[in-house]
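Remarks on the structure that follows.
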Amino acid sequence: MSRKDTGEKKAARLDKKGIKKLRSIFRFMLPYKGTFTVGIISLFFSSTVLLALPRLTGELLDTALGNSTIPYLENLTQVGLALMAVLVLQSIFSFARVYFFAIVNENAMADLRRALYEKFMSLPMSFYDKNRSGELFSRITSDVAVLQDTFSTTLAELFRQVATLVLGIIILFTLNFKLTMFMMLTFPILIIAAIIFGKFIRKLSKGTQDALADTNIIVEETLQSIATVKTFANEHFEVTRYANNLFNVIKIALKAATYKGAFISFIITVLMGGIIGVLWYGTYMVSTEEITVGNLISFVLYTMFIGGSIGGLGDIYGNIQKAVGATDRVEEILNAESEHQIDKENVPRLQGNISFKNVIFSYPTRKEIEVLKGVDLEINQGERVALVGKSGGGKSTIAQLLQRFYAIDSGDILIDGKSTQDYNLIGYRKHVGVVPQEVLLFGGSIEENIKYGNPEASKEEVIDAARKANALEFIESFPEGFDTLVGERGVKLSGGQRQRIAIARAILKDPAILILDEATSALDIESEKLVQDALETLMEGRTSLIIAHRLSTIRNADKIAVLESGKIKEIGKHDELMQNESGAYNKLIQLQEF
Ligand SMILES: Nc1ncnc2c1ncn2[C@@H]1O[C@H](COP(=O)(O)OP(=O)(O)OP(=O)(O)O)[C@@H](O)[C@H]1O
């Protein structure tokens with residue numbers, strides 16, 4: 001589901017609620033509050049010390065003209081030294097501000113990313129049915145980057161600009177009340193313009209951000225399924241789709257840029273107009289000796305400082321609003337309900353008696369369709385049960401429920417007489433192994449991939465598992481052996497090799513319960529035999545539920561369970577079930593629909 005569907009695209013509001021949300025992210029800064037305080041103090045001094053510059057520059061001129069106005073700064077050298085001192089102080093404080101904020105920011109944002117990732121790992125499968133991975137990916141990348149930017153630059157800028165504005169105006173009043181009143185005439189126009197224009201621009205730049213996120217999803221999804229794109233020769237289609245989306249981004253971005261440009265030129269005109277006005281009125285006051293030349297220069301410089309900070313505030317407002325949007329999206333994930341705590345609790349070795357009791361289930365994203373309508377199934381410790389039924393009948397669903405990927409609507413699934421719900425989830429899953437139909441490996445080495453079954457396994461155990469899985473021979477035939485990189489998702493290995501890696505991985509995991517989703521596509525005879533032998537070894541002493549697609553597997557099973565219309569219709573051995581000529585199993589076999 002795209003973000004559009006969930007209604008999240010509405011512009012983030014910078015009201016009390018928005019600010020409150022933004023503040024919630026501050027909890028990630030709390031562990032670093034000491035350093036943060038040093039940063040704030042440095043920021044305060046770096047912003048305020050700089051405000052002495054215009055005053056001292058004016059003083060330089062007045063001292064040259066023989067009417068110094070600041071005590072203790074009586075000659076040009078002293079004023080010059082004072083100016084130098086201001087510069088040195090401000091450079092020290094600026095450095096300290098950037099440095100200390102970076103420490104806080106980098107740590108806090110790493111903590112935030114870790115918290116998000118931890119959440120991703122702990123969210124239930126139903127969450128992933130609802131959200132596209134490209135979008136989730138952008139939360140941990142771009143949304144956190146927006147927040148990083150806000151906390152490193154925007155907030156410091158906000159503080160600096162507001163301090164410049166407030167202190168600057170106070171200083172102006174002390175310099176010359178009449179001239180300040182005159183200058184203030186241009187202020188309200190500026191502020192009103194900033195508010196109106198700013199609103200437009202923010203809306204548009206939000207649009208650009210969202211449009212860009214959409215294009216990123218295309219890149220991510222097509223790169224993930226590049227083989228599919230190529231199989232269907234849809235390269236051109238994808239390029240066109242991407243280009244169209246990019247065109248959309250340009251359109252929105254240019255619209256935003258037009259307003260932004262108009263806004264900036266308007267502000268500059270008003271600002272310059274204001275300054276020219278101040279100069280005009282100020283020089284008149286110089287001629288009537290109501291103000292010194294130096295003070296007029298200081299005055300103009302302060303006016304420029306203040307004007308600059310007003311101009312900057314619009315941008316800052318937009319950035320903060322962006323950050324509120326990012327916070328919203330990040331918090332939404334952080335607050336989503338996990339399926340478990342990431343820490344694991346050991347579940348003692350299970351025997352592997354499985355019992356489905358009147359299990360009714362529909363997927364959370366498709367509540368209206370009941371996939372399982374009351375499944376009853378008993379599998380004893382060490383048995384091999386072949387699950388057969390029409391495609392789409394719910395076989396994989398049963399396997400998923402056995403792994404507790406979803407909560408069932410009613411009924412119960414018991415393992416060794418105890419409801420799966422009563423086991424610690426992570427601990428429980430350690431006892432359930434899966435060899436999937438389509439094996440997807442991680443991009444690392446063969447060894448890393450096998451070790452995924454048990455990260456604590458020794459090299460000997462890995463080699464042993466590979467041997468049992470009939471994988472050792474081909475692994476050793478590679479020049480790099482166990483260090484061979486398998487390529488993204490394992491593309492550098494053949495289907496049969498990938499399957500044997502998956503079997504080795506499962507052997508290393510050593511689960512009490514095994515789910516085998518038999519590949520529908522047959523391997524060549526030799527490879528098939530190697531895989532079959534490896535599976536035999538793997539199933540030894542474990543309870544196995546096999547989603548079977550081969551008659552040989554079905555015939556060898558201790559029991560065959562036939563799933564039809566969301567229920568187990570028949571259960572028994574091949575020969576027994578075949579005797580019922582009008583039975584569901586008989587039909588399946590005749591039509592070869594398993
Ligand atoms: N994550 C999901 N969200 C919503 N519906 C789903 C989901 N996964 C599967 N379904 C639906 O549930 C039904 C059962 O699917 P399931 O994959 O369990 O069938 P199957 O018997 O394993 O089929 P096959 O033999 O083709 O693999 C199908 O109608 C399918 O569309």
Side-chain angles (χ1 to χ4, degrees), residues 114-131 133 136 140 332-367 371-372 375 377-379 381 385 387 394-436 439-440 442 449 451-457 502 505-517 538 542-545 547:
R114 195 165 45 225
L116 268 174
Y117 188 68
E118 201 171 314
K119 197 70 189 186
F120 283 160
M121 291 298 108
S122 73
L123 285 167
M125 290 301 276
S126 53
F127 181 87
Y128 291 96
D129 288 346
K130 279 182 250 161
N131 295 279
S133 60
L136 295 175
I140 212 166
E332 189 191 324
I333 304 235
L334 290 177
N335 294 330
E337 200 175 333
S338 300
E339 60 172 354
H340 58 73
Q341 293 295 321
I342 204 121
D343 53 289
K344 54 181 190 235
E345 188 185 297
N346 273 341
V347 169
R349 185 157 185 90
L350 300 173
Q351 293 168 339
N353 295 295
I354 305 170
S355 171
F356 277 67
K357 298 240 181 264
N358 196 20
V359 171
I360 298 181
F361 174 75
S362 47
Y363 281 96
T365 46
R366 217 182 270 158
K367 273 281 162 213
V371 179
L372 303 183
V375 167
L377 181 61
E378 300 289 330
I379 307 176
Q381 177 180 4
V385 171
L387 188 58
K395 301 182 294 292
S396 309
T397 306
I398 289 183
Q400 302 217 55
L401 293 183
L402 197 52
Q403 295 177 71
R404 265 183 72 185
F405 278 178
Y406 300 92
I408 54 180
D409 299 326
S410 82
D412 207 352
I413 302 172
L414 309 173
I415 304 293
D416 297 343
K418 180 170 149 182
S419 170
T420 49
Q421 298 297 322
D422 297 337
Y423 288 101
N424 168 279
L425 182 58
I426 297 255
Y428 168 70
R429 283 196 190 137
K430 293 254 171 229
H431 297 287
V432 183
V434 180
V435 179
V439 179
L440 293 180
F442 287 106
N449 269 291
K451 255 187 142 173
Y452 209 71
N454 176 10
E456 275 129 49
R505 192 191 256 185
I507 289 175
L508 215 50
K509 186 175 179 184
D510 190 23
I513 296 169
L514 199 62
I515 299 168
L516 300 182
D517 198 349
L538 173 62
R542 308 180 206 278
T543 310
S544 313
L545 179 72
I547 300 176

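All values below come from the heavy atoms of this structure, side chains included, with hydrogens, waters and symmetry mates left out.
- Shown here are the side chain to side chain contact (heavy atoms under 4.5 Å, CB included) partners of A336, two or more places apart in sequence or in another chain: L123, F127.
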Original post:
Can L402 and I354 be said to form a side chain to side chain contact (heavy atoms under 4.5 Å, CB included), step by step?
Top reply: CA-CA 9 Å; L402 197 52; I354 305 170; 3.8 Å; yes

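- When all heavy atoms are compared, the tightest approach of K509 to K430 is CE-O, 3.4 Å.
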Original post:
K357 and V375: side chain to side chain contact (heavy atoms under 4.5 Å, CB included), yes or no, with the steps?
Top reply: CA-CA 7 Å; K357 298 240 181 264; V375 167; over 6 Å; no

**OP:** Go through E378 and S355 one step at a time and tell me if the side-chain hydrogen bond (donor to acceptor under 3.5 Å, both in side chains) criterion holds.
**Re:** CA-CA 5 Å; E378 300 289 330; S355 171; 2.9 Å; yes

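- Atom CD of Q421 and atom CG of L414 lie 10.5 Å apart (nearest 0.5 Å).
- Inter-residue side-chain proximity for I513 and H431 is flagged as unmet; no heavy-atom pair is nearer than 4.5 Å.
- The minimum heavy-atom distance linking R429 with Q403 is given by the pair NE-O, 2.8 Å.
- A 4.5 Å side-chain heavy-atom check between L372 and L401 finds at least one atom pair inside the cut-off.
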**OP:** Report the C-alpha separation of L516 and L545 in whole Å, then their side-chain angles, then the decisive distance to 0.1 Å, and conclude whether the side chain to side chain contact (heavy atoms under 4.5 Å, CB included) test is met.
**Re:** CA-CA 6 Å; L516 300 182; L545 179 72; over 6 Å; no

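- Summarising the geometry of D510 relative to R542, their closest heavy-atom pair is OD1-NH1, 2.6 Å, with the distance given to 0.1 Å.
- The shortest distance between side-chain heavy atoms of I398 and L387 falls below 4.5 Å.
- Put simply, CZ on R404 and CD1 on I415 are 10.5 Å apart, with the number rounded to the nearest 0.5 Å.
- Pairing each heavy atom of T543 with each of G352, the nearest pair is OG1-O, 2.7 Å.
- For A457, the side chain to side chain contact (heavy atoms under 4.5 Å, CB included) partners at least two apart in sequence or on another chain are N454, E461, V462, L508.
- Across every non-hydrogen atom of L514 and P511, the tightest pair is CD1-CG, 4.0 Å.
- With rounding to the nearest 0.5 Å, the separation of CD1 in I413 from CG in N358 is 11.5 Å.
- Among all heavy-atom pairs drawn from S396 and D517, the shortest one is OG-OD2, 4.2 Å.
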Original post:
Which is it for K119 and E337 under the salt bridge (Lys or Arg N to Asp or Glu O under 4.0 Å) test, yes or no, and what are the steps along the way?
Top reply: CA-CA 9 Å; K119 197 70 189 186; E337 200 175 333; over 6 Å; no

Original post:
Is there a side-chain hydrogen bond (donor to acceptor under 3.5 Å, both in side chains) between D409 and S362 once you walk through the steps?
Top reply: CA-CA 7 Å; D409 299 326; S362 47; 3.0 Å; yes

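- Atoms OG and CD1, from S544 and I379 in turn, are 9.0 Å apart once rounded to the nearest 0.5 Å.
- Among residues two or more places apart in sequence or in another chain, the ring pair (Phe, Tyr, Trp, His ring centres under 6.0 Å) test is passed with Y406 by F361, Y363.
- Residue-environment remark: CZ (F405) exceeds the threshold of 12 foreign heavy atoms within 6.0 Å.
- Separating the NZ atom in K418 from the CG atom in N353 is a distance of 14.0 Å, to the nearest 0.5 Å.
- Taking CD1 of I140 as the start and CG of L116 as the end, the distance is 5.0 Å to the nearest 0.5 Å.
- Using modelled atom types, one side-chain atom of R505 and one backbone atom of N449 make a donor-acceptor pair closer than 3.5 Å.
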Original post:
Given F356 and D412, is the side chain to side chain contact (heavy atoms under 4.5 Å, CB included) satisfied, shown in steps?
Top reply: CA-CA 6 Å; F356 277 67; D412 207 352; over 6 Å; no

